[in-house]
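Lettering of chains follows the sequences in order, A, B, ..., and the numbering in each one begins at 1.
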Amino acid sequence: MSDNANSAKILHGLNPQQQQAVKNCQQPCLVLAGAGCGKTSVITRKILWLLHEEKIPSNRLAAVTFTNKAANEMQSRLKKHLSATERKNLTVCTFHSLGLSLLKQNYNEANLSANFSLIDPQDVQKLLKEIGDEQGVYDLAQIRQVSFIISRYKNQNISPEKAFQLEDKLDFAEPEIIELSNRIYSYYEQKLQAYNLIDFDDLLLKPLQLLQHSEIVKNDWGKRFQHILIDEYQDTNECQYQLLIQLVKPDPTNPLPDPQFTAVGDDNQSIYEWRGANPQNLNQLKVDFPNLEIIPLEQNYRSTNTILNASNALIENNQSIIAKKLWSTLGDGNAINLRHFPNNIEEANKITQAIAHHHLINKTSLNDYCVLYRSNYQAEPLEKNLKQLDLAYTVSGGISLFNRSEIKTVLAYLKLMANPQDNVSFLRIINTPKREIGDKTIQQLIQYAENTDLSLFEACNSNGLYGIFTEKICQRLNHFHSWINEKRNKILDDLKTGMDTLLEETHFFDWIIAQAKHKKTGQNQVERIKRLQQWLLNIQKYNEGYDLADIIHHLNLVERLEDQDNKDQASISLMTIHNAKGLEFPYVYLIGLEEGSIPHYNNLQNERGIAEERRLAYVAMTRAKKQLTLSHSANKQTHKGNVKLTPSRFLKEIPQQYFIDTNKQLTPEEKKQQREFYINRMKEMFVEKE
DNA sequence: ACGCCGCGTATTTTT
DNA sequence: TACGCGGCGT
């Protein structure tokens, strides 16, 4: 194939703006892609273009996304167009896993040991609580705020020292809490360092600091990539922005014209400001790179005009950074269904029934349906109904496998083996299951370890123990130490049998079943552990050369996908709006459109909060291709009885002309017709099955 | 040291 | 609703 034919092939089917975005490789490029305007196509085609037309070597190209879902999606779209070498060398991953790779290669520069491990948010809370205890702060709500503020500091590349000097304080917390946070922050960092741990935010922060201050890293990673593509650019925080700048910064000794990157984003879909994302980064690009080419994409290939117009009308109430008006050629389509219900249980009932009904009549795939909601707990009544109706469904997110306590315990064993300095994991398992090492012993051990500068695990094998504890207790601690080492060797030798012995010798399953309140929950826990084991084995199988620490990192960072058991089976998707970003479905049901939910209570205080909530509603609505259904209810049952609800203000911002009210009463004749139609369809179904 | 019981409280969104 | 934590009894 000639070069020309090949380039035509890469550009095939793209509109002129998209083509421009793909072809422009000479200057930094910002693609402002509205929802459903084909931004993933632009990124994937541009990767191909850079590889095959610009002849950039595949190891000098990176595409960075925010979620694993997006990275996987991109990988699979690229797969068939790439050679094996290209596939292997090309970097397509999340910001966080890119950071991890950098740290793994440069742990020394970052003052970490090679076997550093990742601490999850729950354990962060525990650690902060510990520090709080030492500081005389026992209020758990305060500790939660502190963890939030520290995370925010880290996202903005603010060190503990700088936090103290900060002139304009963060505007979202009480001054006392800020002060408390500042105090705890430095202790927290010290502990992480001592335990050889990093948290999620460090995956961005530490690489950035290395790129800024370490010559070794600057010379390696600072020059590694010739072109970087970033997806969902509006969700970058300060740290990520600077990280990008460092990675694409041209070498000052050899001035290239411009750094090369392609950022793709949409300020209307910025829904992570609460996590420190700064959509102003879109504007900042213009300032920092005067040569920036900005390409808007406004033709939507996803939704009907009714859905688009309604969504546009809603988002017009926000002050956009960049005004956009989406349009499509897919026609008007159906009006949006607006439904109201007496309460949230009824809502779940009727929505699931509506889906069942629609699915039955139109012979659609269950994959075509998605129910969106604000908070994870809203999935529960839906699940109950779908189970009753025997319809397959998938819940994304929610209480993930990794938040289960039994899973965390098993992982803590492995983490301690991988990283003996990990005191957090040590404390989790030292007496779980019980091995007669009680609270008092542990407190004394902590004291001793602090005095001698040993990790808790190392302290268990120290001769100094005999001065403190009775013979019996010393033996128990010694035994734990040697036992863990023994199991570590077994596991390094053979993960499967090693873990089997670990579980056997701790009588783990017996212990779980014995302490479970119901037989069934115990069985479920055992099942989950077996699944975890299988998961770990798979990771090892598909990633040659991974050591134990690598496997755990991979599990924490990459493999957090939901059940893959029945992936082939079509199913209705249930997910939070945040989880739905970047996805599309023919039939979307957005439930719980009430004040307090969308917009959420905690975001009602100021216009900024409301604007983010409005964007959230916008993201939800623009997931729909053919038919959108919005619903709300008048009451909801909570743990503290009944709560009255009012419809979301956003419903009033959408012109009535786009709605039909499906709650209108049917005439008896219409009811009869509907019923007959339904019965006939049921009959057909049975005939088909036989 | 451990297990059980009961109370209180938390529920926004995620890498 | 569910889980965590503290208190109390063995």
Heavy-atom closest contact (A/N419 atom, A/S117 atom, distance): ND2-OG, 3.0 Å

Minimum-distance nucleotide to A/P121 side chain [options: B/dT13, B/dA10, B/dT15]: B/dT15

Distance, rounded to the nearest Å, where A/I271 contributes CD1 and B/dT15 contributes P: 11 Å

Are there any protein N/O atoms within less than 3.5 Å of an N/O atom in nucleotides 5-10 of chain C, and if so, which ones and at what distance?
none

For atom CG of A/L102 and atom P of B/dT15, their distance in whole Å: 21 Å

Any residue meeting ring-ring contact (aromatic ring centres under 6.0 Å, His included) with A/F480, in chain and number order, not counting sequence neighbours: A/F426

Side-chain N,O (A/N376) to OP1/OP2 (B/dT13) below 4.0 Å: yes

Gap between atoms CD1 and C1', on A/I119 and B/dT15 respectively (whole Å): 15 Å

Over all atoms of both residues, closest heavy-atom pair of A/N155 and A/G276: OD1-CA, 4.4 Å

Parallel, tilted or perpendicular: rings of A/Y185 and A/Y153 (30°, 60°): parallel

Side-chain N or O of A/T576 closer than 4.0 Å to phosphate OP1/OP2 of B/dT14: yes

side-chain contact (heavy atoms from CB on, under 4.5 Å) partner of A/K581, chosen from A/L616, A/V619, A/T576: A/V619

Side chain A/E594, main chain A/L645, donor-acceptor under 3.5 Å: no

Donor + acceptor pair across side chains of A/N281, A/T236 (<3.5 Å): yes

Please tabulate, one pair per line, each protein N/O and nucleotide N/O from nucleotides 1-3 of chain B that are separated by under 3.5 Å, including the distance.
{"residue": "B/dA1", "atom": "OP1", "partner": "A/G438", "partner atom": "N", "Å": "3.1"}
{"residue": "B/dA1", "atom": "OP1", "partner": "A/T441", "partner atom": "OG1", "Å": "2.9"}
{"residue": "B/dC2", "atom": "OP1", "partner": "A/E436", "partner atom": "N", "Å": "3.0"}
{"residue": "B/dC2", "atom": "OP2", "partner": "A/N431", "partner atom": "ND2", "Å": "2.9"}

A/N237 side-chain N/O to A/Q240 backbone N/O, donor-acceptor pair under 3.5 Å: yes

Sugar-phosphate, base or nothing in reach of A/F66, heavy atoms under 4.0 Å: sugar-phosphate

Contacts of type side-chain contact (heavy atoms from CB on, under 4.5 Å), residue A/Q378, not counting sequence neighbours: A/Y373, A/R374, A/S375, A/S597

Length of the line joining A/E612:CD and B/dT14:C1', which is rounded to integer Å: 12 Å

Please tabulate, one pair per line, each protein N/O and nucleotide N/O from nucleotides 5-9 of chain B that are separated by under 3.5 Å, including the distance.
none

Side chain to side chain, A/I484 and A/Y413, heavy atoms closer than 4.5 Å: yes

Aro-ring/base stack A/W274-B/dT13, d under 5.5 Å, angle under 30°: yes

OP1 or OP2 of B/dT13 under 4.0 Å from side-chain N/O of A/N579: no

Sequence-distant partners of A/Y272, ring-ring contact (aromatic ring centres under 6.0 Å, His included), two or more places apart: A/W274, A/H578

Residue mapping more 5' on DNA chain B - nearest nucleotide basis, A/D201 or A/Y377: A/Y377

Check: A/D266 main-chain N/O paired with A/S270 side-chain donor or acceptor under 3.5 Å: no

Touch class at under 4.0 angstrom, heavy-atom based, for A/F95 against every strand present: nothing

Interatomic distance, A/Q125 CD vs C/dG4 C1' [rounded to whole Å]: 13 Å

Nearest-Å distance for atom pair NE2/C1', residues A/H96 and B/dT14: 9 Å

Nucleotide B/dT14, atom P - distance to CG of A/L616 in whole Å: 10 Å

Value in whole Å for how far the C1' atom of C/dT1 lies from NZ of A/K636: 14 Å

